[in-house]
Enquirer: 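Following this message is one structure expressed as C-alpha cells.
Worth saying up front: this structure is predicted, and the values here are computed from it rather than measured. Throughout, residue positions are numbered sequentially from 1 according to the sequence presented. Excluded from the calculations below are hydrogen atoms, water molecules and symmetry mates; all remaining heavy atoms, backbone and side chain alike, are included.
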Amino acid sequence: EDVVIEVSGDVSIAYPFMGGFEAGATKKNTIDTEYANSVNRVKSTKFTMTSGEITGYIGCGGGQGYSYSKSTTVELNDVKIATLYGIASNGRSDKVDVQVNNCSISEEIATLNRGRVGDVNLTFNSCTFDTGIKAFVGAVEGWADSDTDGRVIPNVTGTVSYTFNGNAP
C-alpha cells in the first residue's frame, strides 16, 4: 500500500498519476467511496523527479478516475512541466504535499482537475512560469464540461496553501 517512485535523467513522462488509473473501469468507486472501500487505492505515495519533462499533466494526488491515494508527497527538481494539478481527474486524497524546485511551468496550475481532497500544500521554489499560464486556486476552468458533465463537483474539505518563493505566475 506504500509506493515510492524516483525518476531522474533525460526522461519524458506524459501523465504521472500518484493514485493510479481507474478511469471508472470498476464501476464500484464514486467520488464518495471511502478509502477502505475503494477498489483502486494507495495508502501513501512518494514521487520524486529530478530533471526531465512532464509533457501532459502531473496529478500529484488522487489518481485518474475514482482512484484514492490517501497521502501523497511529490518533489519535482529541475523539471520542465506543462501542467500541474494537486488532484487528477476525479481522484481523491486526504493530504497532498508538493515541493516544486527550480522548475519551469508552461500551461496550467490548479488545486483540482476534478475530484476531492482534504489538504493541499503546494510550494514553488525558484520556478519560472510562462506568460499566459492559467492558475486556479480551485478547480480547473471548464471542469463541468468534462466527461462527467458536471455531475461530480470538485471539492476541498480542508485547506489549500500555495507558497511562491521567488517568481509567481
Enquirer: I'd like to check N121 versus T123 (side-chain heavy atoms, cut-off strictly below 4.5 Å). Are they in contact?
Expert: no
Enquirer: Just so I know, are the side chains of N77 and V100 near enough to count as touching, which here means a heavy-atom distance under 4.5 Å?
Expert: no
Enquirer: Between atom CZ of F47 and atom CE of M49, what is the distance when rounded to the nearest 0.5 Å?
Expert: 6.0 Å
Enquirer: Roughly how far, to the nearest 0.5 Å, is the OG1 atom of T30 from the CG atom of N37?
Expert: 10.0 Å
Enquirer: Test salt bridge (Lys or Arg N to Asp or Glu O under 4.0 Å) on K95 and D119; report intermediate values, then the result.
Expert: CA-CA 5 Å; K95 184 174 170 95; D119 298 317; 5.6 Å; no
Enquirer: So, taking the atom named CD1 in I54 and the one named CD1 in I81, what distance separates them when rounded to the nearest 0.5 Å?
Expert: 5.0 Å
Enquirer: Identify whether the distance between the nearest side-chain nitrogen and carboxylate oxygen of K134 and E141 falls below 4.0 Å.
Expert: yes
Enquirer: Give me the atom names and distance for the closest heavy-atom approach of N113 to A88.
Expert: CB-C, 3.9 Å
Enquirer: Distance alone, cut at 3.5 Å: any donor-acceptor contact between the side chains of T111 and Y162?
Expert: yes
Enquirer: Closer than 3.5 angstrom, by distance alone: can the side chain of N155 be matched with the main-chain N or O of I153 as a donor-acceptor pair?
Expert: yes
Enquirer: Hey, what do you get for CG (L84) to CD1 (I58), rounding to the nearest 0.5 Å?
Expert: 6.0 Å
Enquirer: Hey, does the side chain of S44 reach the backbone of T72 with a donor-acceptor pair shorter than 3.5 angstrom?
Expert: no
Enquirer: Looking at every non-hydrogen atom in both residues, tell me the closest pair between G138 and A110 and how far apart they are.
Expert: O-CB, 3.9 Å
Enquirer: Between I13 and V7, does the side chain to side chain contact (heavy atoms under 4.5 Å, CB included) criterion hold? Intermediate values first, please.
Expert: CA-CA 10 Å; I13 303 174; V7 178; 4.1 Å; yes
Enquirer: Closest approach of A82 and G56, non-hydrogen atoms and distance?
Expert: CB-O, 3.2 Å
Enquirer: Give the C-alpha distance, both sets of side-chain angles, the deciding distance and a yes or no for side chain to side chain contact (heavy atoms under 4.5 Å, CB included) between V156 and I87.
Expert: CA-CA 10 Å; V156 177; I87 295 290; over 6 Å; no
Enquirer: For G62 and S93, work out which heavy atoms get closest and say how close.
Expert: N-OG, 2.7 Å
Enquirer: Ignoring hydrogens and angles, state whether a donor on the side chain of N40 or S67 is under 3.5 Å from an acceptor on the partner side chain.
Expert: yes
Enquirer: Of all the heavy-atom pairs spanning S69 and M18, show the shortest one and how long it is.
Expert: CB-O, 4.0 Å
Enquirer: Of F124, Y57, F136, which is the lone residue that meets side-chain contact (heavy atoms from CB on, under 4.5 Å) with I109?
Expert: F124
Enquirer: Return yes if some donor-acceptor pair links the side-chain N/O of T48 with the main-chain N/O of E6 below 3.5 Å, else return no.
Expert: no
Enquirer: Rounded to the nearest 0.5 Å, how far does SG of C103 lie from CG of N125?
Expert: 9.5 Å
Enquirer: Looking only at the side chains, is there a donor atom on one of E108 and Y85 sitting less than 3.5 Å from an acceptor on the other?
Expert: yes
Enquirer: Does R116 reach the main-chain N or O of T157 with its side chain, forming a donor-acceptor pair under 3.5 Å?
Expert: no
Enquirer: With distance as the sole criterion, is a donor-acceptor pair present between the side chains of S51 and S8 under 3.5 Å?
Expert: no
Enquirer: Any chance CG of D2 has more than 12 other-residue heavy atoms, nucleotides or ligands included, within less than 6.0 Å?
Expert: yes
Enquirer: Please evaluate residues T128 and I105 with respect to the criterion side chain to side chain contact (heavy atoms under 4.5 Å, CB included), reporting the C-alpha separation (whole Å), side-chain torsions for both, the decisive distance (0.1 Å), and the verdict.
Expert: CA-CA 6 Å; T128 58; I105 303 174; over 6 Å; no
Enquirer: Would you check if F129 and N167 make a side-chain contact, meaning some heavy-atom pair closer than 4.5 Å?
Expert: yes
Enquirer: Determine whether a donor-acceptor pair (N or O, by modelled atom type, separation under 3.5 Å) exists between the side chain of N29 and the backbone of V39.
Expert: yes
Enquirer: Is a donor from one side chain sitting under 3.5 angstrom from an acceptor on the other, for S38 and R92?
Expert: yes
Enquirer: Nearest 0.5 Å, please: how far is CG in L122 from OG1 in T163?
Expert: 8.5 Å
Enquirer: Just checking, is any N or O donor in the side chain of D97 or Q99 under 3.5 Å from an acceptor N or O on the other one?
Expert: no
Enquirer: Is the terminal nitrogen or CZ of R41 (NZ for Lys, CZ for Arg) located under 6.0 angstrom from the six-membered ring centre of Y35 and within 45° of that ring's axis?
Expert: yes
Enquirer: Within the distance-only criterion (no hydrogens, no angle test), does the side chain of S104 pair as donor or acceptor with the backbone N or O of K80 below 3.5 angstrom?
Expert: no
